[in-house]
Amino acid sequence: MKPDILLMGPPAHPDIPAELERDFTLHRYWEAADKPALLRQLADLRYISTTGHDGPDEDTIRALPKLELISSFGVGYDGIDVAAAKAQGVRVSNTPDVLNDCVAELTLALMLSLAREIIGSDRYVREGRWPDAPYPFTGELTGKRAGILGLGRIGKEIAQRLEVFRMDIAYHGRRRQEGVDYAYFADLREMAEAVDWLIVIAPATAKSRHKVDAEVLQALGPQGHLINVARGMLVDEAALVEALKDGVIAGAGLDVFEDEPHPHPGLLDLPNVVLTPHTGSATWRTRRIMADLMLGNLRAHLAGEDLKTPVV
Ligand code: 8YV
């Protein structure tokens with residue numbers, strides 16, 4: 001008999017349910033009308049498949065005393081109570097590294113589309129305004145200064161791509177990194193003041209909530225742009241809307257939001273923002289590799305082998 005597995009939220013790749021069903025009997029948590037009843041029915045459950053946003057939370061972990069592994073799809077795991085899992089001896093795995101290129105690519109896409117006003121230009125052509133006058137000049141990335149909040153694995157891929165644009169690169173994080181030549185700022189506000197582009201790619205933790213607040217935006221200044229490809233909670237979205245409206249900063253490119261899938265309504269009418277629906281890793285190639293790694297961790301555990309990419 002196949003063991004049970006609980007899929008917490010909608011699959012992050014369309015093939016995941018069928019692929020899980022090869023080895024497991026699949027239960028869909030988010031679709032269950034009576035979730036406590038489903039957890040009672042699955043009291044002997046050993047495996048969970050999830051993403052970094054769909055849990056499980058502490059109560060769910062506690063309701064499953066035989067749980068062995070939470071295999072998550074995605075690098076960030078802020079939606080999973082890892083401390084509760086650890087306390088109960090439950091392993092957690094994620095899918096780091098395999099999405100670095102993809103997220104870095106979207107970061108550049110947001111930056112280029114803001115700097116060169118791709119969306120406004122596209123509208124200009126479609127609206128038939130080109131014959132009347134050329135499109136107004138725009139900014140560009142070349143030679144500008146970028147500050148990366150969170151120079152981790154994805155942050156470094158972003159930095160490499162920015163080097164190609166001959167941008168001056170700085171970073172802020174808990175500490176200066178050995179062997180990294182980019183300028184280090186111990187203070188985020190000071191970095192924001194020194195750069196034209198502030199790029200957020202740090203993990204969501206209790207300490208990183210609203211790290212980019214009104215004061216940091218003020219420091220970024222009227223020529224400055226904000227990019228967030230990490231988690232919405234790192235940026236005070238209400239303060240960002242005000243800053244964008246009042247010209248405190250020039251613009252923003254956002255792939256993530258505080259209350260997904262509901263961006264702050266104030267963002268929707270602003271011409272100086274580019275919004276994408278959390279698609280940093282959402283390409284066929286990358287999502288396939290992430291799915292393989294999420295499934296690979298489950299299969300490794302089933303076979304009694306080491307997890308490929310453990311969190312705890
Ligand atoms: C998600 C992400 O995995 O990796 C992360 O941390 O945020 C994404 O790649 C994706 O949105 C599926 O939930």
Side-chain angles (χ1 to χ4, degrees), residues 5-17 19-20 26 28-31 48-57 60 69-82 85 92-110 148-158 173 199-206 208-209 211-212 227-235 237 253-263 275-298 307-312:
I5 193 161
L6 186 60
L7 181 58
M8 297 299 296
H13 186 292
D15 294 344
I16 283 177
E19 290 177 21
L20 286 173
L26 179 61
R28 292 169 167 84
Y29 183 74
W30 78 104
E31 284 182 351
I48 282 181
S49 170
T50 188
T51 70
H53 337 281
D54 295 323
D57 62 11
T60 308
L69 173 63
I70 300 166
S71 181
S72 184
F73 182 109
V75 61
Y77 44 83
D78 41 292
I80 301 170
D81 195 328
V82 173
V92 179
S93 58
N94 66 341
T95 64
D97 288 320
V98 294
L99 74 178
N100 298 353
D101 290 326
C102 198
V103 178
E105 196 172 286
L106 186 78
T107 307
L108 266 292
L110 291 172
I148 300 177
L149 164 53
L151 192 71
R153 292 171 287 206
I154 302 175
K156 287 185 174 129
E157 289 295 336
I158 295 170
I199 301 161
V200 180
I201 182 61
T205 63
S208 57
R209 185 168 182 276
K211 247 183 141 20
V212 177
I227 299 289
N228 189 2
V229 286
R231 287 289 184 265
M233 63 90 91
L234 278 106
V235 175
E237 210 164 284
L254 307 172
D255 186 46
V256 290
F257 304 89
E258 281 197 72
D259 177 25
E260 295 180 7
H262 306 292
L275 309 174
T276 49
H278 202 142
T279 48
S281 69
T283 62
W284 286 107
R285 185 188 77 90
T286 295
R287 283 287 172 96
R288 179 67 259 166
I289 300 169
M290 292 167 80
D292 286 341
L293 188 48
M294 187 280 288
L295 294 160
N297 277 309
L298 281 166
L307 294 176
K308 292 168 185 291
T309 44
V311 174
V312 291

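Whatever order the structure lists them in is the order used to number ligands and atoms, beginning at 1. Hydrogens, waters and symmetry mates are skipped; everything else that's a heavy atom, side chains included, is used.
- Nearest protein heavy-atom contact of atom 2 (C) of ligand 1 is His278 NE2, 3.6 Å.
- With a heavy-atom cut-off of 4.0 Å, Asp54 does not touch ligand 1 at all.
- His53 NE2, 3.7 Å is the protein heavy atom nearest to atom 1 (C) of ligand 1.
- With a 4.0 Å cut-off on non-hydrogen atoms, Val75 touches ligand 1 through its backbone as well as its side chain.
- Put simply, the side chain of Glu157 reaches to within 4.5 Å of the side chain of Asp101, judged on heavy atoms.
- Close approach to Leu99 involves these atoms of ligand 1, each under 4.0 Å from a residue heavy atom: 4 (O), 9 (O).
- Side-chain contact between Tyr77 and Val82 is present, with at least one heavy-atom pair separated by less than 4.5 Å.
- Distance alone, capped at 3.5 Å, places no donor-acceptor pair between the Asn94 side chain and the Ser72 backbone.
- Every N/O-N/O distance between Ala12 and ligand 1 stays at or above 3.5 Å.
- Between Asp259 and Glu237 the shortest side-chain heavy-atom distance does not fall below 4.5 Å.
- In this structure the side chain of Thr276 reaches within 4.5 angstrom of the side chain of Leu106, judged on heavy atoms.
- Between the Ser208 side chain and the Leu234 main chain, no donor and acceptor come within less than 3.5 Å of each other.
- Counting atoms of ligand 1 from 1 in the listed order, those under 4.0 Å from a heavy atom of Thr51 are 13 (O).
- Annotation for ligand 1: atoms under 4.0 Å from non-hydrogen atoms of Arg231 are 2 (C), 5 (C), 6 (O), 7 (O).
- Contact atoms of ligand 1 toward Gly74: 3 (O), 4 (O), 5 (C) (distance under 4.0 Å to a heavy atom of the residue).
- With contacts defined as side-chain heavy-atom distances shorter than 4.5 Å, the pair Tyr29/Asp54 does not qualify.
- Using a 4.0 Å cut-off to heavy atoms of Met290, the atoms of ligand 1 that qualify are 3 (O), 9 (O).
- The protein heavy atom nearest to atom 10 (C) of ligand 1 is Arg287 NH2, 3.2 Å.
- Counting only heavy atoms of the protein, atom 9 (O) of ligand 1 lies nearest to Ser281 OG, 2.7 Å.
- Within a 6.0 Å radius of CD in Glu105, no more than 12 heavy atoms belonging to other residues, nucleotides or ligands are found.
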